[in-house]
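In what follows, a single structure is set out as structure tokens and then discussed.
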Amino acid sequence: MKKTLSILALSLATTAMGAESVPFHYDLPDSGLLPSYAEITAITRMGERHGGSDLSMQTYSLTVPLSDPRKSGWDDYMLNVQFDAKLTDINTGGTLDLEHDELVSVSVPVTIVKKMPTGNRLTMGMAPEIASDSGAIDHGLELTAYGLYTVKHNESFTYTLGVAVAPRFSDYGIIPVFGFEWRPSDDWLIRMKGYRLDALYQVSDTFCVGPFMAGHGGTWSVETPRGDRQFRVRSLVLGIGGEYNFAEPGQTKRIITFAVGSTVATTAQFQERSAGKHEYETHHYKPGLFISAGLDFRF
């Protein structure tokens with residue numbers, strides 16, 4: 001992992017050195033340090049399939065931009081810096097017990113984006129991150145790195161390939177990344193981004209809606225009677241989601257997002273922090289109601 005991070009850091013430094021002919025410029029968004037994204041997500045109480053515990057969770061997410069990528073960078077390179085914060089309130093009962101119910105994730109992604117004349121895009125970045133409860137902060141700090149390449153195949157199809165170094169989310173620290181946007185017609189957009197796949201129907205110029213499938217959850221360092229361990233929640237969610245764009249002509253996007261659905265399969269488990277992340281005390285849960293609503297002002 002250290003070797004991979006070093007290679008990516010060297011690549012970023014080389015990119016910056018090669019662009020010294022154009023002065024570096026940096027500026028905040030016109031709105032200043034105001035949040036550009038906010039979302040509330042909730043999963044209602046789920047009983048364990050074969051056990052005596054229950055689980056529900058609410059997640060509050062917020063993003064504050066620390067640079068305007070359209071006005072920050074050098075040459076053909078854009079610089080995007082932001083502050084991401086997420087508070088997850090886990091409610092447990094029965095045989096599943098946490099020392100602290102509130103889990104926090106805080107990160108500062110620093111991303112360099114280069115747009116090619118062909119429409120392709122290279123994205124590289126790093127993000128120091130803390131994900132833990134209040135009792136295991138010293139074991140919750142990690143550095144994530146990522147490199148992505150987006151190919152504009154044609155006007156209707158774009159895909160992204162890449163790799164992320166994220167020890168908290170993978171036993172081996174390396175995660176392949178794949179995403180795409182496909183417009184089979186003027187009325188439909190099929191999109192895969194992160195852990196979510198959407199099929200959106202354009203009802204009007206400002207409103208679209210359709211089915212989605214997504215992964216939801218997280219991994220945190222938590223305090224336990226056995227010492228600090230990793231606690232991981234993973235849910236597969238199916239439902240209906242939509243977007244309403246209320247931006248005026250000439251404004252950047254201003255989107256209200258919503259989703260309603262059900263968890264299909266949910267797993268909560270503790271893991272050792274050592275290499276291999278040995279799992280123990282795994283719980284599987286029945287379906288629960290999933291709802292979310294958000295505001296997106298990001299670039």
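- Within the 4.5 Å cutoff, the side chain of Thr266 has no heavy atoms near those of the Lys286 side chain.
- Of the inter-residue distances, the one linking Arg191 atom CZ with Asp198 atom CG reads 5.0 Å to the nearest 0.5 angstrom.
- Applying the side-chain contact (heavy atoms from CB on, under 4.5 Å) criterion to Ser134, with sequence neighbours excluded, gives His100.
- Linking ILVMFWY side-chain heavy atoms closer than 4.5 Å, directly or via other members, places Leu141 and Phe83 in two distinct hydrophobic clusters.
- Other residues, nucleotides and ligands contribute more than 12 heavy atoms inside 6.0 Å of the NZ atom of Lys71.
- Between Asp97 atom CG and Thr224 atom OG1 the span is 10.5 Å, to the nearest 0.5 Å.
- Ring geometry for Phe180 against Phe178 counts as tilted: the plane angle lies between 30° and 60°, on a 0 to 90° scale.
- Two residues are said to be in side-chain contact when any heavy atoms from C-beta on lie closer than 4.5 Å; Ser56 and Thr44 fail this criterion.
- What you find for His283 and Thr95 is that their closest heavy atoms are CE1-OG1, 3.7 Å.
- For the side-chain contact (heavy atoms from CB on, under 4.5 Å) test, residues two or more places apart in sequence or in another chain that qualify with Asn245 are Ala247, Ile255.
- Within the 4.5 Å cutoff, no side-chain heavy atoms of Ser132 are placed close to those of Val104.
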With side chain to side chain contact (heavy atoms under 4.5 Å, CB included) as the test, would you mind laying out the steps for Ser292 and Thr257 before giving the verdict? CA-CA 8 Å; Ser292 73; Thr257 63; 5.9 Å; no
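- Under the 4.5 Å side-chain heavy-atom criterion for ILVMFWY residues, a single connected hydrophobic cluster contains both Phe24 and Val81.
- A donor and an acceptor atom, one from each side chain of Thr59 and Thr41, are nowhere located under 3.5 Å apart.
- Of the inter-residue distances, the one linking Leu295 atom CG with Tyr37 atom OH reads 10.0 Å to the nearest 0.5 angstrom.
- Sorted by first and then second residue, the ring pair (Phe, Tyr, Trp, His ring centres under 6.0 Å) pairs involving residues 214-253 (not counting sequence neighbours) are His216-Phe290, Phe231-Phe270.
- Under the 3.5 Å distance criterion, the side-chain polar atoms of Ser67 are matched with a main-chain donor or acceptor of Leu79.
- Side-chain contact between Asp54 and Thr92: absent, with no pair of heavy atoms (C-beta onward) separated by less than 4.5 Å.
- Annotation for Met213: atom CE does not count as buried by contact number, only 12 or fewer foreign heavy atoms lying within 6.0 Å.
- Counting all heavy atoms, side chain and backbone alike, Ile43 lies closest to Ser235 at CD1-OG, 4.2 Å.
- Remark: Glu272 engages Arg229 in a salt bridge, criterion side-chain N to carboxylate O under 4.0 Å.
- A heavy-atom distance below 4.5 Å is not found between the side chains of Leu238 and Pro211.
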Derivation of the side chain to side chain contact (heavy atoms under 4.5 Å, CB included) call for Asn80 and Val113: CA-CA 8 Å; Asn80 185 48; Val113 181; 5.5 Å; no
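- Ser53 and Glu48 are linked by a side-chain donor-acceptor pair at a separation below 3.5 angstrom, with hydrogens and angles left out of the test.
- Criterion: ILVMFWY side-chain heavy atoms under 4.5 Å apart, direct or through other members. Under it, Val110 and Val177 are not part of a common hydrophobic cluster.
- Here the OG1-NE2 distance, from Thr158 to His153, works out to 10.0 Å after rounding to the nearest 0.5 Å.
- Remark: the backbone N or O of Gly288 is paired with a side-chain donor or acceptor of Thr263 at under 3.5 angstrom.
- No donor-acceptor pair closer than 3.5 Å links the side chain of Asp133 to the backbone N or O of Leu103.
- Take Gln202 and apply the side-chain hydrogen bond (donor to acceptor under 3.5 Å, both in side chains) test, not counting sequence neighbours, and it matches no residue.
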Walk me through it: do Glu39 and Ser61 pass the test side-chain hydrogen bond (donor to acceptor under 3.5 Å, both in side chains)? CA-CA 5 Å; Glu39 184 184 49; Ser61 304; 4.5 Å; no
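- Looking at heavy atoms from C-beta onward, Phe258 lies in side-chain contact with Val209 at the 4.5 angstrom threshold.
- Side chains of Ser107 and Glu129: a donor-acceptor N/O pair is absent below 3.5 angstrom, by distance only.
- How far CG of Leu122 is from CG of Leu148: 8.5 Å, rounded to the nearest 0.5 Å.
- Placement of Met46 and Ile291 in two distinct hydrophobic clusters is found when ILVMFWY residues are connected by side-chain heavy-atom separations under 4.5 Å, directly or transitively.
- Counting only N and O atoms by type, the side chains of Ser156 and Asn154 include a donor and acceptor under 3.5 Å apart.
- The environment of Asp186 atom CG is sparse: at most 12 non-hydrogen atoms of other residues, nucleotides or ligands sit within 6.0 angstrom.
- The existence of a salt bridge linking Asp30 and Arg70 is excluded, since no basic side-chain nitrogen approaches an acidic carboxylate oxygen closer than 4.0 Å.
- Residues meeting the side-chain hydrogen bond (donor to acceptor under 3.5 Å, both in side chains) test with Tyr159, sequence neighbours left out: none.
- Neither Met78 nor Trp74 shares a network with the other; the hydrophobic side chains, linked directly or stepwise wherever heavy atoms of I, L, V, M, F, W or Y lie under 4.5 Å apart, form separate groups for each.
- Note that CD1 of Ile90 and CD of Glu102 are 11.0 Å apart. Values are rounded to the nearest 0.5 Å.
- Formation of a donor-acceptor pair under 3.5 Å by the Arg49 side chain with backbone atoms of Tyr285 is found in this model.
- Using a distance-only test at 3.5 Å, with no hydrogens or angles considered, a donor-acceptor pair links the side chain of Ser204 to the main chain of Phe207.
- Arg196 CZ: more than 12 foreign heavy atoms inside a 6.0 Å radius.
- Thr160 meets the side-chain hydrogen bond (donor to acceptor under 3.5 Å, both in side chains) test with Thr150; sequence neighbours excluded.
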Evaluate the criterion side chain to side chain contact (heavy atoms under 4.5 Å, CB included) for residue pair His139 and Asp228; output intermediate values, then yes/no. CA-CA 7 Å; His139 288 139; Asp228 291 352; 2.7 Å; yes
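- Glu248 has no carboxylate O lying under 4.0 Å from a charged side-chain N of Lys253, or vice versa, which leaves the two without a salt bridge.
- The shortest non-hydrogen separation linking Leu200 to Gly241 is CD2-O, 3.9 Å.
- Between Asp84 and Lys86, none of the side-chain N atoms (NZ, or NE/NH1/NH2) sits under 4.0 Å from a carboxylate O, so this pair counts as no salt bridge.
- Side-chain contact between Pro225 and Glu99 is present, with heavy atoms from C-beta onward closer than 4.5 Å.
- Annotation: side chain of Tyr146 is not in contact with side chain of Ile175 (no heavy-atom distance under 4.5 Å).
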For the pair Val151 and Tyr149, evaluate side chain to side chain contact (heavy atoms under 4.5 Å, CB included) and give the outcome as yes or no after the intermediate values. CA-CA 7 Å; Val151 177; Tyr149 192 73; 3.7 Å; yes
